[in-house]
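See structure below.
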Amino acid sequence: MLQIAFIRENQEKVIQALAKRNLDVKDLVKEVVALDEIRRAVQAEMDNALSESNKLSKDIGDLMKNGEKSKAEILKLKNVALKETSKDASERLETLAHDLLQKMYLLPNLPADIVPVGKSADDNLNVFESGEIPALHEGALPHWDLIKKYDIIDFELGTKITAPGFPVYKGKGAKLQRALISYFLDKNTDAGYLEYQVPHMVNEASAYGTGQLPDKEGQMYHDAKDDLYLIPTAEVPVTNIFRDVILSENELPVLCTGYTPCFRREAGSWGAHVRGLNRLHQFDKVEIVRIEHPDKSYEALEGMVEHVKEILDELKLPYRVLRLCGGDMGFASALTYDFEVFSTAQDRWLEISSVSNFETFQANRLKLRFKDKDGKNQLAHTLNGSSLALPRVMAGILENYQTPEGIVIPEVLRKYTGFDIIN
């Protein structure tokens with residue numbers, strides 16, 4: 001969430017910056033500023049009434065001590081009126097604060113200056129590419145055929161148990177999935193990230209804290225009875241560990257990693273590009289989260305990008321890194337890099353990671369602060385990245401490592417799988 005003081009003092013800057021997201025927020029910004037002006041006026045009215053009431057209370061006490069009861073009674077009547085004014089202002093203030101917050105929740109984060117202008121994924125900027133695209137043998141198959149051939153993932157069984165988009169991994173498929181999770185976590189913890197195991201459901205405050213609500217409400221599975229949400233990513237519970245926390249400056253940076261299943265409704269998804277593992281309702285992902293000093297967050301973002309590159313280099317998968325344009329960025333992000341693996345059998349790029357800097361946007365919602373050298377509380381910067389999302393990494397491995405003899409396991413994973421080929 002943008003800070004209200006910033007919006008108030010930089011209205012035109014906010015409007016112009018969000019135009020890079022192809023949004024016209026002129027009217028919304030005016031509504032926010034107008035509500036804030038009314039809120040501040042009511043706040044001043046309440047503060048003045050309370051201040052005068054406190055002064056009258058002292059005067060009443062002095063008069064009573066001096067035996068001037070009649071004068072004290074007159075002041076008591078004035079004080080009753082002031083308390084009524086204060087109570088009325090407090091009730092109005094609560095309503096105004098709620099209405100203002102709901103309006104502010106609708107404003108996405110401002111894109112960083114280096115975010116490219118664009119309307120869709122077609123306008124993203126390719127900033128890095130690595131690895132050779134393998135030449136597959138004649139008769140090479142896409143992963144949805146490979147998983148049937150080697151009986152390692154069962155979509156029909158998942159549909160029977162639950163619904164489409166909830167696959168069952170089995171045999172060497174399940175072991176490869178577990179190997180990837182362990183490998184990703186080990187790479188992250190070796191890089192200094194502290195591992196967490198977190199709940200797979202969160203409350204409404206947590207979903208608002210990281211920006212999933214109200215923006216992604218339709219994409220989240222919701223248990224109405226207990227008012228809990230199944231997580232769309234480990235970013236939500238891990239980042240919310242620090243909700244309402246004030247860190248000391250010397251505690252920064254904070255580095256966290258965690259594995260969770262993730263749940264997304266993916267409403268409206270259809271077509272060949274969502275076949276097989278390309279898009280699921282339940283999938284596994286290992287996440288990295290950082291809490292950073294504002295002066296160091298972009299340096300940290302570059303470090304996270306290099307960390308994901310190293311993982312993909314070790315897996316020896318061809319990949320590219322894209323800087324997302326304004327029209328393709330997530331609601332809470334100030335700058336995002338997407339990683340895509342090339343699927344040779346599908347002849348297309350598959351997104352397997354997003355690494356983002358949210359600056360103070362999430363921290364403002366979370367009230368996540370640090371105490372600076374002068375003892376003042378400042379909003380921290382939050383960052384997160386997939387390290388990595390498993391389904392499309394799995395698809396890339398199955399397709400790019402297939403041979404006539406079977407699917408070769410990347411060398412870096414063999415100590416985790418205990419086998420070197422699926423055949």
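FYI, side chains are in, hydrogens and waters are out, and symmetry mates aren't considered; it's all heavy atoms of this structure. In this chain, numbering begins with 1 at the start of the sequence shown.
- In terms of heavy-atom proximity, N124 sits nearest to C325 at OD1-N, 2.8 Å.
- Inter-residue side-chain proximity for N109 and F331 is flagged as unmet; no heavy-atom pair is nearer than 4.5 Å.
- Counting heavy atoms of neighbouring residues, nucleotides and ligands inside a 6.0 Å radius, atom CD of E94 does not exceed 12 of them.
- Closest approach of L324 to P116, counting heavy atoms only: O-CD, 3.2 Å.
- The CZ atom of R369 sits 10.5 Å away from atom CG of L247, with the distance rounded to the nearest 0.5 Å.
- Taking the side chain as every heavy atom from C-beta outward, R320 and F339 never approach each other to under 4.5 Å.
- Counting non-hydrogen atoms of neighbouring residues, nucleotides and ligands closer than 6.0 angstrom, the NZ atom of K187 exceeds 12 such neighbours.
- With hydrogens and angles ignored, the 3.5 Å screen pairs a side-chain donor or acceptor of N364 with a backbone N or O of L2.
- A donor-acceptor contact under 3.5 angstrom links the side chains of N203 and S206, judged on distance only.
- Note: Y208 and Y105 meet the aromatic proximity criterion, with ring centroids under 6.0 Å apart.
- Minimum interatomic distance between L141 and A345 (heavy atoms only, all atoms of both residues): O-CB, 3.2 Å.
- Taking CG of N357 as the reference point, atom OG of S297 lies at 4.0 Å (rounded to 0.5 Å).
- Contact of the R8 side chain with the E37 side chain is not registered, since no non-hydrogen atoms from C-beta on lie closer than 4.5 Å.
- Between the side chains of S120 and D328, no donor N or O sits under 3.5 Å from an acceptor N or O.
- At distances below 3.5 Å, at least one donor-acceptor pair connects side-chain atoms of N240 with backbone N or O atoms of V236.
- Defined by atom type and a distance below 3.5 Å, a donor-acceptor pair is present between the side-chain atoms of Q346 and N278.
- Atom-to-atom distance recorded for L110:CG and S333:OG is 11.5 Å, nearest 0.5 angstrom.
- Side-chain atoms of K373 never come within 3.5 Å of backbone atoms of E249 as a donor-acceptor pair (strictly under, hydrogens ignored).
- Here the CG-CG distance, from D47 to L50, works out to 6.5 Å after rounding to the nearest 0.5 Å.
- By the 4.5 Å heavy-atom criterion applied to side chains, I407 and Y150 are counted as neighbours.
- In summary, the side chains of Q378 and D372 do present a donor paired with an acceptor at a separation below 3.5 Å, with no hydrogens or angles considered.
- S182 contributes no side-chain N or O that, together with a main-chain N or O of A179, makes up a donor-acceptor pair within less than 3.5 Å.
- Residues F263 and H281 place their aromatic rings such that the two centres sit no closer than 6.0 Å.
- With hydrogens and angles left out, the side-chain atoms of K119 and N22 include no donor and acceptor closer than 3.5 Å.
- For R265 (side chain) and G218 (main-chain N/O), a donor-acceptor pair under 3.5 Å exists by modelled atom type.
- Under the 3.5 Å distance criterion, with hydrogens and angles disregarded, a donor-acceptor pair is assigned to the side chains of Y259 and D284.
- Side chains of Q212 and D215: a donor-acceptor N/O pair is absent below 3.5 angstrom, by distance only.
- Contact detail for L350 and A395: the closest heavy-atom pair is CD1-CB, 4.3 Å.
- When every heavy atom of M220 is checked against every heavy atom of P232, the shortest pair comes out as CE-CD, 3.9 Å.
- Judged by the 6.0 Å and 45° rule, K309 forms a cation-pi pair with F128.
- Donor-acceptor pairing under 3.5 Å is lacking for the side chains of T159 and E156.
- Side-chain atoms of E235 and Q362 form a donor-acceptor pair, as typed in the model, at a separation below 3.5 Å.
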Query raised in the report: Where do F242 and V254 land on the side chain to side chain contact (heavy atoms under 4.5 Å, CB included) test, with the steps shown first?
Result: CA-CA 10 Å; F242 304 95; V254 177; 3.5 Å; yes
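- N188 places no side-chain N or O within 3.5 Å of a backbone atom of T257 that could act as its donor or acceptor partner.
- S57 places a side-chain N or O within 3.5 Å of a backbone atom of S53 that can act as its donor or acceptor partner.
- Within the model, atoms CD of E31 and CG of L106 stand 9.0 Å from one another, a figure rounded to the nearest 0.5 Å.
- Defined by atom type and a distance below 3.5 Å, a donor-acceptor pair is missing between the side-chain atoms of N48 and E52.
- Looking only at atom types and distance, the side chain of E405 has no donor-acceptor partner in the side chain of N423 under 3.5 Å away.
- Side-chain contact between V202 and L228 is absent, with no heavy atoms from C-beta onward closer than 4.5 Å.
- Looking only at side-chain heavy atoms (C-beta outward), L18 and P111 come within less than 4.5 Å of each other.
- A donor-acceptor pair under 3.5 Å is absent between the side-chain atoms of R392 and the main chain of I352, judged by distance alone.
- Counting only N and O atoms by type, the side chains of Y319 and D313 include a donor and acceptor under 3.5 Å apart.
- Looking only at side-chain heavy atoms (C-beta outward), I288 and M304 come within less than 4.5 Å of each other.
- A side-chain contact (heavy atoms from CB on, under 4.5 Å) with V355 is found for one member of L301, V321, D338 and no other, namely L301.
- Other residues, nucleotides and ligands contribute more than 12 heavy atoms inside 6.0 Å of the CG atom of D190.
- With hydrogens and angles left out, the side-chain atoms of Y193 and R290 include a donor and acceptor closer than 3.5 Å.
- Contact between A97 and R39 at its shortest, heavy atoms only, is CA-CD, 4.4 Å.
- Residue-environment remark: NE2 (H98) stays at or below the threshold of 12 foreign heavy atoms within 6.0 Å.
- Remark: the backbone N or O of F342 is not paired with any side-chain donor or acceptor of R348 at under 3.5 angstrom.
- Remark: side-chain polar atoms of H143 are paired, donor with acceptor, to backbone N or O of L277 under 3.5 angstrom.
- Remark: the T233 side chain and the K285 side chain contain an N/O donor-acceptor pair separated by less than 3.5 Å.
- Applying the 6.0 Å contact sphere to CD of E299 captures no more than 12 heavy atoms from other residues, nucleotides or ligands.
- Considering CG of N384 and SG of C256, their distance stands at 11.0 Å, rounded to 0.5 Å.
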Report task. Go through the steps for L383 and E292 under the test side chain to side chain contact (heavy atoms under 4.5 Å, CB included), then give the verdict. Result -> CA-CA 8 Å; L383 304 91; E292 289 281 347; 3.5 Å; yes
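- At least one side-chain heavy atom of I397 sits under 4.5 Å from a side-chain heavy atom of L317.
- For the residue pair T344 / E399, no side-chain donor-acceptor distance below 3.5 Å is found, with atom types taken as modelled.
- Remark: the E359 side chain and the Y298 side chain contain an N/O donor-acceptor pair separated by less than 3.5 Å.
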Query raised in the report: When you look at E251 and F370, which way does the side chain to side chain contact (heavy atoms under 4.5 Å, CB included) test go after all the steps?
Result: CA-CA 9 Å; E251 290 180 281; F370 69 96; over 6 Å; no
